[in-house]
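Worksheet: the structure to be examined is printed underneath.
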Amino acid sequence: MKRNRRRTLSLLASGLAYTFAYPALAGKVITPSQLLGPFYPEKIPVENGNDLTRVAGQNRLALGDITHLIGRVLTPLGQPIAGAQIEIWQCDAFGHYNHPRDRGGRDPAFQGYGKTQSGDNGEYRFKTIKPSPYPGRTPHIHMRIVTKSAQLVTQIYVKGERLNKSDFILKSIRDPEVRDSVIVPFVTKTEYPTNELVAEFNPVIAV
């Protein structure tokens with residue numbers, strides 16, 4: 001499996017990891033598009049809600065730092081996009097995706113994939129875990145957003161993570177301002193439980 005992973009990462013590095021850089025419009029940096037990755041679900045799981053930390057039949061929460069991923073889906077003019085379909089997927093605390101090509105994940109209490117819809121003000125929320133690294137990649141969360149007229153696939157990164165400097169996919173975003181737009185802090189906030197983190201990501205889509 002490690003050999004297959006290295007081969008996959010090598011293939012991505014050799015040409016499939018191309019990242020589109022978009023300019024800033026009206027003060028908003030358009031969120032860069034990144035590759036879907038090899039571990040998007042082959043079949044959407046039955047449990048696919050916006051809380052990835054609980055799985056039916058499991059008597060515990062997912063392992064890892066519980067994280068509230070929140071934000072608003074916006075246009076370049078800062079207008080909210082309501083009704084956008086939003087998906088996220090990521091590896092578990094052991095660095096494995098819930099995917100047949102990656103052992104199906106190692107934490108049975110972690111859903112691994114979730115989806116939701118943006119509200120009237122473009123707002124969305126997920127409950128998940130702080131992303132973990134896996135061989136060849138810095139910690140990240142994949143996100144896919146589909147609106148009536150556009151689609152965006154991107155990745156969310158952890159601010160201050162040392163592996164960011166060597167991640168070839170993150171580094172492929174050449175513009176520093178655009179690159180910084182997908183790197184967000186994972187912090188505690190007073191309005192949330194003290195042992196849980198919050199990450200705010202506001203994707204900007206050209207529609």
Side-chain angles (χ1 to χ4, degrees), residues 19-37 40-41 44-45 47-54 61-62 64-90 110-131 139-161 170 173 175-207:
T19 299
F20 297 95
Y22 292 104
L25 297 178
K28 294 289 184 181
V29 175
I30 297 179
T31 302
S33 174
Q34 295 203 288
L35 75 161
L36 192 69
Y40 180 79
I44 301 302
E47 292 193 63
N48 55 40
N50 67 342
D51 185 350
L52 283 68
T53 66
R54 294 183 180 274
L61 292 176
D65 295 321
I66 301 298
T67 297
H68 299 268
L69 176 62
I70 62 174
R72 298 173 69 208
V73 183
L74 303 170
T75 71
L77 296 177
Q79 300 165 327
I81 300 177
Q85 302 295 320
I86 308 168
E87 303 169 277
I88 65 169
W89 62 100
Q90 64 186 98
F110 183 56
Q111 188 171 287
Y113 167 93
K115 64 181 179 180
T116 190
Q117 188 177 62
S118 62
D120 292 342
N121 292 316
E123 74 279 6
Y124 73 89
R125 63 179 58 249
F126 288 96
K127 189 175 183 181
T128 184
I129 62 172
K130 184 179 180 181
H140 60 282
I141 298 174
H142 295 267
M143 176 176 279
R144 182 186 184 191
I145 304 171
V146 179
T147 71
K148 292 180 179 179
S149 59
Q151 175 177 277
L152 170 70
V153 177
T154 194
Q155 297 179 27
I156 305 165
Y157 300 87
V158 181
K159 186 174 182 178
E161 170 58 53
L170 179 57
I173 306 174
D175 186 315
E177 185 178 10
V178 177
R179 184 168 59 247
D180 287 345
S181 72
V182 293
I183 303 174
V184 300
F186 284 65
V187 296
T188 57
K189 290 193 174 184
T190 55
E191 60 267 39
Y192 290 85
T194 56
N195 62 336
E196 297 179 359
L197 302 173
V198 180
E200 183 174 353
F201 179 64
N202 301 306
V204 178
I205 305 177
V207 293

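All values below were derived from every heavy atom in this structure, side-chain atoms included, with hydrogens, water molecules and symmetry-related copies excluded.
For the side-chain contact (heavy atoms from CB on, under 4.5 Å) test, residues two or more places apart in sequence or in another chain that qualify with Val182 are Thr31, Pro32, Thr154, Tyr157, Leu170, Ile173, Phe201. Legend: residues meeting side chain to side chain donor-acceptor pair (under 3.5 Å) with His68, ordered by chain and number and at least two apart, are Glu196. Scanning for salt bridge (charged side-chain N to carboxylate O under 4.0 Å, His left out) contacts around Lys189 gives Glu200, with sequence neighbours left out. For Asp65, the side chain to side chain donor-acceptor pair (under 3.5 Å) test picks out no residue, with sequence neighbours left out. Contacts of Thr147 classified as side chain to side chain donor-acceptor pair (under 3.5 Å), with partners at least two apart in sequence or in another chain: none.
Note that NZ of Lys115 and CH2 of Trp89 are 12.5 Å apart. Values are rounded to the nearest 0.5 Å. Atom CD1 of Ile88 sits about 11.0 Å away from atom CD1 of Ile145, to the nearest 0.5 Å. Taking CD1 of Ile86 as the reference point, atom CG of Asn50 lies at 10.0 Å (rounded to 0.5 Å). Separation of atoms NE2 (His142) and CD (Gln34) is listed at 9.0 Å; rounding is to 0.5 Å.
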- List the steps, then state whether side chain to side chain contact (heavy atoms under 4.5 Å, CB included) holds for Thr67 with Tyr192. CA-CA 10 Å; Thr67 297; Tyr192 290 85; over 6 Å; no

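Closest approach of Val204 to Ile30, counting heavy atoms only: O-CG2, 3.5 Å. The two residues Ile129 and Gln90 make their nearest non-hydrogen contact at O-NE2, 3.0 Å. Closest approach of Tyr124 to Met143, counting heavy atoms only: OH-CE, 3.7 Å. The shortest heavy-atom contact between Glu87 and Tyr40 is OE2-OH, 2.7 Å. Minimum interatomic distance between Leu152 and Ser33 (heavy atoms only, all atoms of both residues): CD1-CA, 3.9 Å. The shortest heavy-atom contact between Asp175 and Glu177 is OD1-N, 2.9 Å.
Looking only at side-chain heavy atoms (C-beta outward), Lys28 and Asn202 stay at 4.5 Å or farther from each other. Gln151 places a side-chain heavy atom less than 4.5 Å from the side chain of Arg144. The shortest distance between side-chain heavy atoms of Phe110 and Thr128 falls below 4.5 Å. Pro139 has its side chain out of reach of Phe186: every pair of non-hydrogen atoms, C-beta onward, lies at least 4.5 Å apart. Considering only heavy atoms from C-beta on, Leu52 stays 4.5 Å or farther from Tyr113 through its side chain.
Asp120 CG: 12 or fewer foreign heavy atoms inside a 6.0 Å radius. Heavy-atom contacts from other residues, nucleotides or ligands closer than 6.0 Å to NZ of Lys127 number more than 12.
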Acceptor/donor pairs from residues 69-83 side chains to any protein atom, 3.5 angstrom cut, sequence neighbours excluded:
unit_1: Arg72; atom_1: NE; unit_2: Asn121; atom_2: O; d: 2.8
unit_1: Arg72; atom_1: NH2; unit_2: Asn121; atom_2: O; d: 3.1
unit_1: Thr75; atom_1: OG1; unit_2: Leu77; atom_2: N; d: 3.2
unit_1: Thr75; atom_1: OG1; unit_2: Gln79; atom_2: N; d: 3.1

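The backbone N or O of Gly49 sits less than 3.5 Å from a side-chain atom of Gln111, completing a donor-acceptor pair.
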